[in-house]
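Heavy-atom basis, side chains included; hydrogens, waters and symmetry copies ignored.
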Amino acid sequence: MYTRRLFQSSHHQWAWRAAFWKHIWCRPQGAHRRTHSRSSNYRAVIFDMGGVLIPSPGRVATEWEVQNHVPSGTILKALIAGGENGPWMKFMRGAITVEDFLQEFRRLCSEMSKTSVPVDSFFSLLTCEQVAKPFPVMTEAITQIRAKGLQTAVLSNNFYLPNGKSFLPLDRKQFDVVVESCIEGVCKPDPRIYKLCLERLGVQPSESIFLDDLTPNLKAAASLGIHILKVNDPETAVKELETLLGFALRIVVPNTRPVRKTMEIPKDSLEKYLKDMLGSQTTGPLELFQFDHGQSNPTYYIRLANHQLVLRKKPPGKLLPSAHAVEREFRIMKALANAGVPVPKVLDLCEDSSIIGTPFYLMEYCPGLIYKDPSLPGLEPSQRQAIYTAMNSVLCKIHSVDIKAVGLENYGKQGDYISRQVQTWIKQYRASETSTNPAMERLIEWLPLHIPEEQKTTVVHGDFRLDNLIFHPEKTEVLAVLDWELSTLGDPLVDVAFSCLAHYLPSDFPILRGLSDCDLTQLGIPTAEEYFRMYCLHMGLPPIENWNFYMAFSFFRVAAILQGVYKRSLTGQASSATAKQSGKVIEFTSNLAWDFAVKEGFRIFKKMPATKLLKRSYHTWASPQCLLNATGMRSYISFPDTSRANASKGALVISPEGLSQPVREQYCRLKRFMEQHVYPAEWELQRHQASVKRWTPSPLLEDLKEKAKAEGLWNLFLPLEIDPEKKYGAGLTNVEYAHLCELMGMSPYAPEIFNCSAPDTGNMELLVRYGTEEQKARWLMPLLEGKTRSCFAMTEPQVASSDATNIESSIREENGLYVINGHKWWISGGHGEVLFDHVRVPKENMVLGPGRGFEIAQGRLGPGRIHHCMRLIGCSERALALMKARSPMQIKVGRKGALAPGLSSRWRSGRQRAPAASTPCLAAIPALPAQTWLNCQVEGFLGVVCTVPVLTVKSRVAFGKPLVEQGTLLADIAQSRVEIEQARLLVLKAAHLMDVAGNKAAALDIAMIKMVAPSMAYRVIDRAIQAFGAAGLSSDYPLAQFSAGARALRFADGPDEVHRAAVAKMELKHCP
Ligand SMILES: Cc1cc2nc3c(=O)[nH]c(=O)nc-3n(C[C@H](O)[C@H](O)[C@H](O)COP(=O)(O)OP(=O)(O)OC[C@H]3O[C@@H](n4cnc5c(N)ncnc54)[C@H](O)[C@@H]3O)c2cc1C
């Protein structure tokens, strides 16, 4: 949509190519006859041969006489001597043999010149192939005349050759009628031969035009009523004939135009140069056209005598460094031709700027088909498939050239190609930059950080696309690969990506017609992925995983090239008058490049760790002993503080008892705080949550926060690794925090009370790692102090957000601000749904820099990942505790702080009790009814507590025996214990790995715990609910809320399936 709107407004289909070749093949002569348009009354055109279709004997004689020192004019005089009965005319009527003619002619010439004349040599020259060649301009004209439905005839005064055949060096198929004097025995200007010709054509004299270079012949024709045209030179004659006929007779080489004023080259000097190069026989004026879209190296079409050439030169003016190296183009085409790669035949390189002002080279014009439209309209799907296959295989051919064997090993540096290319294009872009382009800025930072490892070095074309190939007119065979300006040695995959540019551009894209809005399957065109696969298959390579990088680089390069074109247009050097339109196109292509970079970023992100599976060199110790780290693993021993405080770093501490003394003390303080302040507050907090005041902070919660802060139980989550000086947090390792986090997970309110709740934790971590000092002061400090809350808005209702590449929200720069548009929902902290409608954000609010989200994402691969999991283990423990609680008598109700957490919410007070059959169920969680999770330790309620019957598996009886004696419940308890322990060990192991080997190395374990913990918790909680009967679903107990929370985490932290896929991928990657 966007692109449509963007480009529909542009009427300029301007081009940008480094060099533009649009030699569309014209149908072979006579292949197709169309109906006469009847723009005039002529039905036939009759041509004399010598002097009209081929050089005249008189002209050939002039040069021959000079070379053979024969007095000028001798031959001509001898030719006309004797008139109708002279040897020449007799010879042309077929009345005498070659030998007789030459004998007679020799005698005549010698008499006239008073010297011996080697007439045999003249005769040989006159009839040799090099000289007796049809003028291309006439050949073209005949084709056009016939294409218009008119007839053509050749009416020739000719003769027999020594081999007995008549002399007619023409393609007979071009003529409807051929009348030869030597066969008919009649010569022009005898009227009979004209009449014969007209008769055979079946036309009246007035319906025909006759072209000759000799006046007597023309007069004779005119006297019969035939229209006549005197030919002095073929070019002018064709122009006059065009006027008579009323239609064009010259093949217009497609996409050529008269040379632009600013691009003119000195014709005389060029003509002289060409004549020297092509040989003395080269006659006729030089015709010069310019290929109309050449923006980089101006390219010209040349016609001179029988030669059709293409000239490529450097553009005039000051050039960007290393650009426009036509010498290199010449060199590589020459070398590749020897290696069997189809390229146009190069003829000459002229490095002498004095000829036309700049160096240039010449090659043969290669007629054939160029498919400008990549959708290949008018072809069958099978033909399209064949064309793309041929394109793919010619690319493989280029990439398979033995660079050493063809002498190209120093054609470019070897190795680090992409890295160098990125730098080159950055430099080129900077040199021609006219204003700041945000996507380009992001790419300039991103590309160097994501350079792929190169597999091999080959010849790289550099601009390999369908419209740079000339195809055979009848077969799907590539005749020539054009445009080698950007060729070098390098990573061949760059070419593969470049060949797929069109796949991602819309069909109305102004500079290169695209395919992105076409149904490729229906058309028979391979998709980009299929094209890449085809290439790998041809080359015997494994599939290319990181092709999004190559696409990003390709579009970046296109944008940089376009920027160069644009800059030149501003200084008047661009070949295209419409190059100024390029601004929009540059923006579009750079955005496209960035989209690919984003995709590649996601791929890398999903694939992490990209490294080998770690050797299992860590140990499961239940003591606080410090592990000695294996070489290469992360170690904390370099920290100055080597006290006991850090003793558990590097150790996998599987129970709180194993924590170092200070951390154990912290754990105990936290536990006490939970028992003294958090569990008792749950009822009140839950009531607030369900009240109309729920959108204002609960005073109780705020009070508890202050208390927690005062006790140093604050910001416990910030890992030591990012905060080694404990500037912002408690400086715990991941393993240490895991144990504390489990405790916090036992109450839904605890994380916020200790300022350890998501998404604030992740956001604070992000700001600590990546925020500027100003950003930290503005956002981090209030968050650390618990004075503000934050959110994370990624999920969008309209797209599957588990795949972040689907995200549609946009951010763009406008007038020094970022403008955000998008639709977000499930934003934690109320789970809000928010529409961002042109939300303007000051630029200084951007964290780290535009386009650096992946660095942030990758840097944040750690701690937050275990928080949810450890909390889930905490809440599973609480569910299990509730399930197995035995009797009220076991609870030491009189002593504060001694209550097992699972039991704290089992009782209801008569006074506080909610309506009995409250309605909780999973769906009701966000709005729990105002009822109780009464804690027995709430002052003043103890007496009541003890009177309330307790729901336990031991005390409750069903079918004649206590629940606890029902085998299934025992099994459920056992199963739950086992599952909790398994999950905890795995989570602790992930935390341990993060501590000793780094977050990236722990990626597999992190994916595993995300897969395991929520479903484990969900199962354990579900069993507890089952054990409680309907009460388990009521809001009298926290189980329903826990259940909903665990269930939500099966997708809130990424769907199970995504984690499963990640684990499987990593597992398969390391198959032996
Ligand atoms: C309580 C809660 C809090 C949340 N908090 C936030 C928040 O703060 N900020 C925020 O941005 N978002 C938040 N979310 C949203 C959450 O991140 C998304 O729900 C989650 O990323 C999934 O995206 P989706 O809902 O669009 O599901 P979809 O992407 O539409 O996926 C739907 C289902 O498709 C299946 N599926 C998806 N991918 C695959 C795969 N690769 N293989 C197989 N099956 C697959 C899974 O079954 C998945 O559940 C929260 C959600 C909840 C429930």
Side-chain angles (χ1 to χ4, degrees), residues 1-6 436-443 445-446 584 587-588 590-599 601-602 605 694-697 757-767 769-772 774-776 778-780 782-783 787-857 859-860 864 926 1048 1051-1055:
M1 283 294 284
Y2 171 66
T3 56
R4 286 210 170 276
R5 260 183 272 121
L6 181 66
T436 303
N437 173 331
M440 288 301 268
E441 292 305 319
R442 289 198 289 271
L443 286 159
E445 290 205 16
W446 186 88
K584 275 185 195 170
E587 190 187 331
F588 179 80
S590 54
N591 284 338
L592 208 48
W594 181 245
D595 287 349
F596 280 109
V598 169
K599 285 196 184 111
F602 273 109
F605 185 65
R694 61 179 178 269
W695 302 115
T696 53
S757 60
D760 292 335
T761 43
N763 293 336
M764 284 188 265
E765 193 192 326
L766 183 152
L767 286 163
R769 278 183 193 259
Y770 304 108
T772 61
E774 292 73 37
Q775 289 169 340
K776 282 180 184 164
R778 186 155 172 211
W779 294 300
L780 175 63
L783 276 169
K787 289 187 180 152
T788 186
R789 302 299 308 272
S790 63
C791 70
F792 170 74
M794 180 202 75
T795 308
E796 298 178 354
Q798 67 276 24
V799 295
S801 303
S802 49
D803 179 356
T805 50
N806 289 337
I807 297 305
E808 287 179 348
S809 296
S810 69
I811 178 164
R812 66 189 156 74
E813 224 180 303
E814 201 178 278
N815 303 328
L817 292 166
Y818 289 120
V819 180
I820 302 173
N821 281 290
H823 186 177
K824 300 284 182 183
W825 74 345
W826 282 98
I827 303 169
S828 285
H831 297 145
E833 182 170 349
V834 177
L835 270 177
F836 292 82
D837 183 5
H838 292 85
V839 176
R840 284 159 210 284
V841 179
K843 278 179 107 173
E844 60 271 20
N845 290 13
M846 174 72 75
V847 180
L848 197 59
R852 300 185 68 181
F854 284 110
E855 278 172 72
I856 294 177
R860 273 196 69 221
F1051 44 80
D1053 203 17

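- Residue pairs satisfying the salt bridge (Lys or Arg N to Asp or Glu O under 4.0 Å) criterion with at least one member in residues 806-823, sequence neighbours excluded, are listed as follows: R812-E814, E813-K843, E814-R840.
- Evaluation of the side chain to side chain contact (heavy atoms under 4.5 Å, CB included) rule for I811 yields Y818, I820, M846 as partners, not counting sequence neighbours.
- Sorted by first and then second residue, the pairs that involve residues 818-827 and meet salt bridge (Lys or Arg N to Asp or Glu O under 4.0 Å), not counting sequence neighbours, are E796-K824.
- Here E844 pairs with nothing under the salt bridge (charged side-chain N to carboxylate O under 4.0 Å, His left out) rule; sequence neighbours left out.
- Under the salt bridge (charged side-chain N to carboxylate O under 4.0 Å, His left out) criterion, R778 pairs with no residue, sequence neighbours left out.
- With sequence neighbours excluded, the residues that form a side chain to side chain contact (heavy atoms under 4.5 Å, CB included) with E445 are R852.
- In this structure, R789 CZ and S828 OG are separated by 10.0 Å, a value rounded to the nearest 0.5 Å.
- In terms of the ring pair (Phe, Tyr, Trp, His ring centres under 6.0 Å) criterion, residue partners of W826 (sequence neighbours excluded) are, by chain and number, H831.
- D1053 pairs by the side chain to side chain contact (heavy atoms under 4.5 Å, CB included) definition with H868, K1010, L1049, not counting sequence neighbours.
- Listed by chain and residue number, D760, N763 satisfy the side-chain hydrogen bond (donor to acceptor under 3.5 Å, both in side chains) test with S790 (two or more places apart in sequence, or in another chain).
- S810 pairs by the side chain to side chain contact (heavy atoms under 4.5 Å, CB included) definition with N821, not counting sequence neighbours.
- Among residues two or more places apart in sequence or in another chain, the salt bridge (charged side-chain N to carboxylate O under 4.0 Å, His left out) test is passed with E833 by none.
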